[in-house]
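Each chain gets a letter, A, B and so on, in the order the sequences are listed, and its residues count up from 1.
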Protein chains: 4
Amino acid sequence: MKSKHEQRSEDTKQEILKSAGQLFAEKGYDAVTIREIAKNAGCSHTTIYLYFKDKETLLHQLSMPSLQELQKKFDQISKINSLSSEEKLKEISREYIKFCLQNRSMYDIFFNAKSSRVDEEPELEINKLRIEIFEIMKELIQKSLSLPNNDQLLAFARIYYYSLNGILSTYSYQHESLGVLIERLKPTFDLAVDILILGFKEKLK
Amino acid sequence: MKSKHEQRSEDTKQEILKSAGQLFAEKGYDAVTIREIAKNAGCSHTTIYLYFKDKETLLHQLSMPSLQELQKKFDQISKINSLSSEEKLKEISREYIKFCLQNRSMYDIFFNAKSSRVDEEPELEINKLRIEIFEIMKELIQKSLSLPNNDQLLAFARIYYYSLNGILSTYSYQHESLGVLIERLKPTFDLAVDILILGFKEKLK
Amino acid sequence: MKSKHEQRSEDTKQEILKSAGQLFAEKGYDAVTIREIAKNAGCSHTTIYLYFKDKETLLHQLSMPSLQELQKKFDQISKINSLSSEEKLKEISREYIKFCLQNRSMYDIFFNAKSSRVDEEPELEINKLRIEIFEIMKELIQKSLSLPNNDQLLAFARIYYYSLNGILSTYSYQHESLGVLIERLKPTFDLAVDILILGFKEKLK
Amino acid sequence: MKSKHEQRSEDTKQEILKSAGQLFAEKGYDAVTIREIAKNAGCSHTTIYLYFKDKETLLHQLSMPSLQELQKKFDQISKINSLSSEEKLKEISREYIKFCLQNRSMYDIFFNAKSSRVDEEPELEINKLRIEIFEIMKELIQKSLSLPNNDQLLAFARIYYYSLNGILSTYSYQHESLGVLIERLKPTFDLAVDILILGFKEKLK
DNA sequence: AATGAATGAGCTTTCATTCAT
DNA sequence: AATGAATGAAAGCTCATTCAT
């Protein structure tokens with residue numbers, strides 16, 4: 001059981017993470033200042049440095065949990081027996097898209113090699129997650145199409161994965177609220193998934 | 001014939017453009033400083049302001065020419081009567097991909113809304129080009145699929161366009177030479193285009 | 001009671017104000033740099049931005065308090081019933097002169113249109129004060145001369161006000177101590193006031 | 001006789017002086033850039049450095065002739081026998097005011113000790129002129145009032161001189177054209193001169 | 001005599017970060 | 001544990017001035 005001190009400390013940390021998450025999402029990493037995060041979190045900007053080495057560390061610590069949560073959701077969906085592989089793929093794709101729009105401004109950091117610090121510990125962690133996400137999609141595509149695990153599958157998976165990201169990246173800078181954005185884009189994404197799967201199937205004939 | 005002065009002036013300007021192009025590419029517009037560009041170009045930072053009104057203008061002058069060239073190529077392909085619409089679309093897509101890989105450096109700037117300030121003159125120019133490129137693709141998709149110009153066409157065109165960009169963006173940070181990269185990715189892109197078109201057709205049934 | 005923090009903060013702020021006052025006085029607003037003010041105040045230039053939004057705000061915060069004090073003194077004198085209007089005018093003029101010599105440093109900023117940006121909030125504040133000071137003098141001239149509030153009164157008031165300022169501006173750069181300066185100039189100012197009033201009266205005959 | 005080269009050279013120099021004069025007058029010394037002057041003068045900014053050591057020297061060379069011209073005018077007026085001393089004083093005052101409004105932005109440099117470089121040659125020259133102008137006014141006041149050359153005269157002269165400058169300084173930042181400004185202010189100045197002289201006379205009684 | 005090219009010094013301002021309490 | 005005070009580094013940009021032709 002946590003002491004009162006520990007509890008309060010933990011609260012502050014969470015408040016900071018929440019605030020940072022919101023702001024990064026709204027305005028993008030660079031455009032957000034430490035002082036802004038602090039203000040929003042109801043603490044002093046120096047307090048942030050008690051919990052996080054620097055701004056970048058804050059970002060990484062912020063992104064890990066949501067990525068892990070995403071992964072968990074993926075696992076759950078995978079395990080629903082009542083769904084066909086194709087339905088699973090669609091559902092997972094929807095989750096993925098939602099997640100990315102939700103974490104819009106972390107999007108870059110997740111998926112652009114550019115902003116990676118490959119030499120550092122947390123980065124590796126992120127890369128691992130990234131790869132796992134891709135693997136899950138690949139697997140579901142494989143099952144949906146009854147394909148062997150060959151080069152063609154890899155190519156299909158890439159096209160699928162990158163297409164999703166392409167559409168996503170195009171919208172990841174829009175300044176709409178999550179709800180509005182999702183509502184607006186849902187048909188496009190659903191259609192895209194549909195068409196890609198249809199295309200794959202047709203190609204295989 | 002150019003005077004010595006003119007020649008030197010032109011050289012410097014080109015050096016700046018080259019340097020800016022590289023750096024914007026590597027690190028993104030915001031992360032690059034004027035002084036950095038200057039150092040790389042072998043001149044003083046003030047010299048840059050001799051040739052470009054400000055940082056943003058430099059960015060735009062940097063991107064306009066290649067975009068215009070691309071547009072010209074598109075026009076040419078559109079006019080080749082011996083090609084079917086689908087073949088034109090494929091050809092144009094190939095050109096587009098080649099262009100983007102070639103200008104990998106500037107890719108972000110071209111296609112990320114990030115650097116847009118819609119209220120300003122030069123930006124409009126770029127946006128116009130962007131839109132025209134999209135329109136040409138849309139039109140060819142329309143003809144390929146014998147579609148009316150409706151919402152479905154728009155959705156298809158978006159999916160097509162953004163999928164290409166998705167795959168592109170994934171590879172635009174690789175540090176391979178253009179030739180090698182194109183050779184390596186050509187099959188993937190051709191396959192993607194194929195699958196999308198097949199998917200569209202199937203969806204229409 | 002003030003905490004140590006508050007005390008130190010207040011000290012620094014005052015140091016900055018003092019330094020800025022001196023420097024603006026010596027060299028004029030534009031010619032003084034933020035770094036110069038900071039150096040003189042014994043702090044970093046960034047510290048200034050802790051206390052003042054920007055250079056212009058510093059200027060205004062610098063000038064407002066003394067102007068307000070002056071205004072208060074004017075009000076007090078106006079209310080002394082035992083004095084005739086002419087005596088009030090003289091007394092107020094003396095106060096005004098004393099004030100200006102005391103704030104020699106800031107004289108320019110107070111009274112030169114140069115530093116005005118009429119479109120901005122804080123500036124309006126200063127302008128308002130300036131106008132009020134002028135109005136009080138005008139009123140007293142009116143009463144002293146039993147004039148109606150017409151164009152002639154306005155002309156007289158202007159001449160009176162600007163003449164005072166003319167003499168002031170001439171001496172506002174001298175580097176004597178306030179006491180010495182006042183002692184030395186008192187006769188001149190008293191004489192000037194006298195002559196102007198005499199002149200007004202004679203003109204009216 | 002001047003060679004063609006010499007003539008052209010002289011022309012350029014005059015063009016620069018003219019341009020600088022206009023611009024300094026319009027916007028004030030600091031706000032005018034060398035490049036602006038050059039553009040206006042129809043030459044390159046580097047050319048300016050052929051004729052003038054630096055910006056400040058340009059300013060000083062610019063102010064001397066007009067001051068000298070003013071002095072000449074003063075002398076001429078002094079010598080007109082048909083005018084009474086008082087009329088001469090009034091006429092000279094008018095000339096002085098006109099000159100100052102005309103040279104509005106040099107006004108500071110002429111009359112503010114602030115911007116003097118006391119250690120330098122041209123500055124001394126200006127100071128000499130300044131003093132001479134004051135002396136001429138003093139002398140005419142003396143004659144107008146039939147005063148001996150005593151402390152009272154000095155005090156009167158100061159009040160007179162500084163009052164003029166006070167009114168002038170107040171208007172020297174207005175951005176109206178010379179003609180308009182003179183027309184607008186003439187009555188005020190005439191009235192001021194009138195009142196001061198009346199005041200002097202009354203005081204002497 | 002004249003100029004285009006180029007530069008260094010310097011400006012205001014912002015920000016992540018550290019120090020002292 | 002927490003914070004207000006303070007700072008150094010760096011950004012974009014301007015300007016008077018010099019260099020090379």
Side-chain angles (χ1 to χ4, degrees), chain A residues 4-6 8-13 30-38 42-56 58, chain B residues 3-13 30-38 42-56 58, chain C residues 3-13 30-38 42-56 58, chain D residues 4-6 8-13 30-38 42-56 58:
Chain A
K4 251 184 186 170
H5 262 186
E6 275 167 341
R8 213 174 105 202
S9 170
E10 187 58 25
D11 284 357
T12 307
K13 188 171 179 178
D30 279 334
V32 174
T33 72
I34 287 278
R35 284 182 142 84
E36 220 175 342
I37 297 170
C43 68
S44 156
H45 59 283
T46 44
T47 302
I48 291 178
Y49 290 93
L50 290 178
Y51 297 101
F52 306 95
K53 191 181 147 292
D54 55 21
K55 201 181 167 189
E56 204 169 341
L58 170 55
Chain B
S3 77
K4 248 184 188 168
H5 264 173
E6 274 167 341
Q7 185 52 51
R8 192 159 135 208
S9 173
E10 188 58 25
D11 285 358
T12 306
K13 189 171 180 177
D30 279 334
V32 175
T33 75
I34 288 279
R35 283 179 149 87
E36 215 175 346
I37 296 170
C43 69
S44 155
H45 64 280
T46 45
T47 302
I48 291 178
Y49 290 95
L50 238 53
Y51 296 99
F52 307 94
K53 193 184 147 291
D54 54 22
K55 201 182 167 189
E56 206 173 336
L58 171 54
Chain C
S3 77
K4 248 184 188 169
H5 263 172
E6 274 167 341
Q7 185 52 50
R8 192 159 137 209
S9 174
E10 188 59 26
D11 285 357
T12 305
K13 189 172 180 178
D30 280 335
V32 175
T33 74
I34 288 279
R35 282 180 147 85
E36 218 176 344
I37 296 170
C43 68
S44 156
H45 64 280
T46 45
T47 302
I48 292 179
Y49 289 94
L50 237 54
Y51 296 100
F52 307 95
K53 195 184 144 293
D54 55 22
K55 202 182 167 187
E56 206 174 336
L58 172 54
Chain D
K4 252 184 186 170
H5 261 187
E6 276 165 340
R8 213 174 105 200
S9 171
E10 187 59 24
D11 285 357
T12 306
K13 187 172 180 177
D30 279 334
V32 175
T33 72
I34 287 278
R35 284 182 142 85
E36 220 174 342
I37 297 170
C43 70
S44 157
H45 60 281
T46 45
T47 303
I48 292 179
Y49 289 92
L50 291 177
Y51 295 102
F52 306 95
K53 190 182 149 290
D54 54 22
K55 201 183 168 188
E56 204 170 342
L58 171 54

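Residues passing the side-chain contact (heavy atoms from CB on, under 4.5 Å) test with A:Phe52 are A:Lys13, A:Ile16, A:Leu17, A:Ile48, A:Leu58, A:Gln61, sequence neighbours excluded. Listed by chain and residue number, nothing satisfies the side-chain contact (heavy atoms from CB on, under 4.5 Å) test with D:Asp30 (two or more places apart in sequence, or in another chain). Looking at residues two or more places apart in sequence or on another chain, you find no side-chain hydrogen bond (donor to acceptor under 3.5 Å, both in side chains) involving B:Arg8. For C:Thr46, the side-chain contact (heavy atoms from CB on, under 4.5 Å) partners two or more places apart in sequence, or in a different chain, are C:Ser44.
Contacts of B:Tyr51 with the nucleic acid, taken as non-hydrogen atoms under 4.0 Å apart, involve only primed sugar atoms and P, OP1 or OP2. In this structure, C:Thr47 reaches the bases: a heavy-atom distance under 4.0 Å links it to at least one base atom across the strands shown.
Straight-line distance from the CG atom of A:Asp11 to the P atom of F:dA1: 14 Å, rounded to whole Å. Between the CG atom of B:Leu50 and the P atom of E:dT3 there is a distance of 16 Å, given to the nearest Å. In this structure, the CD1 atom of C:Ile48 is 15 Å from the C1' atom of F:dG8, given to the nearest Å.
If you take OG1 on B:Thr33 and NE2 on B:His45, they are separated by 10.0 Å, rounding to the nearest 0.5 Å. The CG atom of C:Asp54 lies 8.0 Å from the CD1 atom of C:Ile34; values are rounded to the nearest 0.5 Å. Rounded to the nearest 0.5 Å, atoms OG1 (B:Thr12) and CD (B:Gln7) are 9.5 Å apart.
In this structure, A:Thr12 and B:Glu36 both approach DNA chain F, and ranking their closest nucleotides by distance from the 5' end singles out A:Thr12.
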> If the sugar-phosphate is the primed atoms plus P, OP1 and OP2 and the base is the rest, what is the B/S/- string for nucleotides 14-21 of chain F, using protein heavy atoms under 4.0 Å?
Replying inline: BBBBBB--
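The shortest distance between the side-chain N/O atoms of C:Ser9 and the OP1/OP2 oxygens of F:dA5 is below 4.0 Å.
Comparing the helix axis at one end of the helix from E:dA2-F:dT21 to E:dT21-F:dA2 with that at the other, each defined from 5 consecutive pairs, gives an inter-axis angle of 40° (nearest 10°).
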